[in-house]
Amino acid sequence: MNAIVSIKNLHKAYDSGFVALRGVDLDIAEGEILALLGPNGAGKTTLISTVCGITVPTSGKITVGGHDTVTDYRAARSLIGLVPQEINLEPFETVENTVSFSRGLFGKKKDPARVAEVLKMLSLDDKAKSKIKELSGGMKRRVLIAKALAHEPRVLFLDEPTAGVDVELRKDMWNVVADLKAHGVTIILTTHYIEEAEAIADRVGIISKGEILLVQNKDEMMAQMGRKELRVDLVEPVETIPDALTKYDLVLAPNGRAVTYTYDTRAERTGIRTVLNDLDAAGLRMADLQTQQSSLEEIFTTLVKEQSA
Amino acid sequence: MNWTAIRAIYVFEMARFFRTLTQSLISPVLSTSLYFVVFGTAIGSRIETVEDVSYGAFIVPGLIMLSVMTQATSNASFGIYFPKFIGTIYELLSAPVNFLEITLGYVGAAATKALFIGVIIFVTAFFFVDITVQHPFAMIAFLLMTCVSFALLGFIIGIWAGNFEQLQLIPLLVITPLVFLGGSFYSVTMLPPIWQTITMFNPVVYLISGFRWAFFGTADVPVAISLAAIAFFMAACLAAIWWIFRTGWRIRQ
C-alpha cells in the first residue's frame, strides 16, 4: 500500500493522566476514504488532533506524505486539511475572507479564483459575501470544509462531519465527500454512525479505548454484515436433514427441533421461498420462524466486548 | 519564515479593527478630550507650569502613553483570547507556522492599532494645547517600542486567560495603576522623597519619562535608562512567549 499517512505505535497520555491512545498503528492509502468508527471517548478526535499537530504525541511516530509531523511539521501540515467537530468560526467575518485567511495561514499565495472554486464546489458561491453568523448550521459546516480545502490539501480529516445534522444534510455531506475523493483527496473521517461508514468509506477502522481493533475493507466487512440467518422451529424433531434439502447447507439444532438457513440479504435471490417450499415438501412441519442479522454493530460490539474481557 | 501566514494573520486581525472603526476611533478621541478638559483646563489652570512646560502640554505624552499601553495590551490579549474562546485556535495550531510567526501576526496587528490611536490622540492634542516635539525620531521610537512591548504583554495575558474576567484582571489591577502612578499626569519630582524612591520600581515611569523627554527635553530618569528598561521589558516578554510555545502552556496539550 502506498501510505500517505503512516502512524506507528502512537501513544497519547494527557497531563490529567488520561490515556487516550494506546499504541495505534495505522496506514492510510493515498486516495482512499477511511472511516474511523468508535463510541464516544474512544480516542478518535485525539488521534486526528495528534496527526494534525493540535496535540503532542507522548510517543510514536507519524508521517504525512513521508514528512514527520514533529520534526518536519511544516511540510507535513501543509498537506493536511482539518474539519473540526465543533463549528468554530469567526462570527463577524465574511465567508470569503475567512476562507482566504485559511489559505494564507497555510502559506499559500492569495488566489481569489481558487477560493471561489472551493466555495462553488461546496455550493457556497452565493454566500461568499455573507457574514458567518448569518448562515445556517449546515452552511457553517460547509464553510469549515471550505476553510480546510482552501490550501489544496492532499489529506482531509473530517471529525464527525455529520454529528447532529439532519438526514438531508447528511446525504449532502456524503456527496461532498464523494466529490472530494473524485478530486484525488484522501479522506479520513470519524463517525459513530455505522450507516455513514457503510455509505461512503472504502475501509473501516474500529477504534475503542485508544486502540484500533480492526481495519478492514468495507466490502469484506459488509459481506460479513450482510449475512442473515433464518431459523425454522419444527413441530416434530428430526434426526437428520432430508437428502432433498442438503443443497441449502442447513444446520440442524442439537435437539433436532430447528434448522437454520444462512443467506445473503444483498443477493438477487435469497432463496427463502424455495427453502420453505422444500421444507414443506419434505414433510417437515413448521412451528415458528425467526430471522437474525449479523451487523457491523454486532461485529463492533463483539470486538469491544472482547477487548474489555 | 512563512511570511504569507504572518500577513494573513495581520490582515485578518486588522479587519476586526476596521470593522469597528468608528468605536475604535471615537472612544479614544472622546476620552482624551475629557482628560484635556478636566486635567488640562480645569485643574491645569491652577497648576500653570511643570518643569517650565504648561500643564496642558505636560500631560500630552502621559496621555498618549496611557492610551497606547492599555490599547496595545487589550487588543493583543483579546486578539489571541478570542480564537481560544470561539475555538478557531485549532486552525493556528494545525497550520504550518511557528511561534514567531503567530506572535508577529497578532502582536504586529495589536501594536499597529495602538499606534493608530496614539497618533490620533497626538493630533487631538493639537486642538487643545500648543506642543512642539524636540526629538521627533526618539518620540517615534519610544512610541513604537511601547506599542510592541505592551502588545507582547497583552499576548501573554490572552494566552494565560481562561475566561473574560481574567482577561480584564491584569490590565485593570496592574497596568492601569502602574500607568497612573507612573507620572502620566505629574512629574515624579513633585512627589515626597519616599514616594519618589518607591516610584522608581514602577517600570512605566521609565517609559513615560523617556517619551516626555522626546517632547520637552526634560526627564525624570536618564533617557538611556528609559531605553534599557523598555528593551529589557520587550526581551522578557519575548522570552516568556518563546517558553509558552515551546511547552505548549495553555494552548497545546
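All values reported here derive from a predicted model rather than from experimental measurement. Each chain gets a letter, A, B and so on, in the order its sequence line appears, and its residues count up from 1.
- Summarising the geometry, atom CD1 belonging to A:I54 is positioned 5.0 Å from atom OG belonging to B:S94; distances are rounded to the nearest 0.5 Å.
- Contacts with chain A were tallied for B:A5, B:P83, B:G105, B:A15; B:A5 has the most, counting heavy-atom pairs under 4.5 Å.
- Summarising the geometry, atom CG belonging to B:N2 is positioned 5.5 Å from atom CZ belonging to A:R74; distances are rounded to the nearest 0.5 Å.
- With a 4.5 angstrom heavy-atom cutoff, A:L82 touches chain B via backbone and side-chain atoms both.
- Here B:I86 is the residue among B:I6, B:V11, B:I86 with the most heavy-atom pairs under 4.5 Å with chain A.
- Panel note: side chain B:R16, backbone A:F92; no donor-acceptor pair is recorded below 3.5 Å.
- Of all heavy-atom pairs between B:V97 and A:Y73, the closest is O-CE1, 3.7 Å.
- The parts of A:T98 that come within reach of chain B are both its backbone and its side chain, each placing non-hydrogen atoms under 4.5 angstrom from that chain.
- Summarising the geometry, atom CG belonging to A:L144 is positioned 5.0 Å from atom OH belonging to B:Y90; distances are rounded to the nearest 0.5 Å.
- When the shell of 6.0 Å around CZ of B:F201 is examined, it contains 12 or fewer heavy atoms from other residues, nucleotides or ligands.
- The 12-atom threshold is not exceeded at CZ of B:F127, counting heavy atoms of other residues, nucleotides or ligands nearer than 6.0 Å.
- Rounded to the nearest 0.5 Å, atoms CZ (A:F101) and CZ (B:R7) are 12.5 Å apart.
- Within 6.0 Å of atom CG in A:D15, 12 or fewer heavy atoms from other residues, nucleotides or ligands are found, so the atom counts as exposed in its surroundings.
- In this structure, chain B has no heavy atom under 4.5 Å from any part of A:S49.
- The 12-atom threshold is exceeded at CH2 of B:W243, counting heavy atoms of other residues, nucleotides or ligands nearer than 6.0 Å.
- A 4.5 Å side-chain heavy-atom check between A:E90 and B:F82 finds at least one atom pair inside the cut-off.
- Scanning both residues, B:P96 and A:F106, for their nearest heavy atoms gives CD-CD2, 3.2 Å.
- Note that the CG atom of A:N88 and the NZ atom of B:K84 stand 14.5 Å from one another [nearest 0.5 Å].
- When side chains are defined from C-beta on, B:E91 counts as touching A:L105, because their heavy atoms get closer than 4.5 Å.
- Here the CD-OG1 distance, from A:E93 to B:T88, works out to 11.0 Å after rounding to the nearest 0.5 Å.
- Within a 6.0 Å radius of NZ in A:K8, more than 12 heavy atoms belonging to other residues, nucleotides or ligands are found.
- Within 6.0 Å of OH in A:Y14 there are more than 12 heavy atoms belonging to other residues, nucleotides or ligands.
- When heavy atoms are compared at a cutoff of 4.5 Å, B:L92 approaches chain A by way of both its backbone and its side chain.
- Of the atoms belonging to A:K109, heavy atoms from both backbone and side chain fall under 4.5 Å from chain B.
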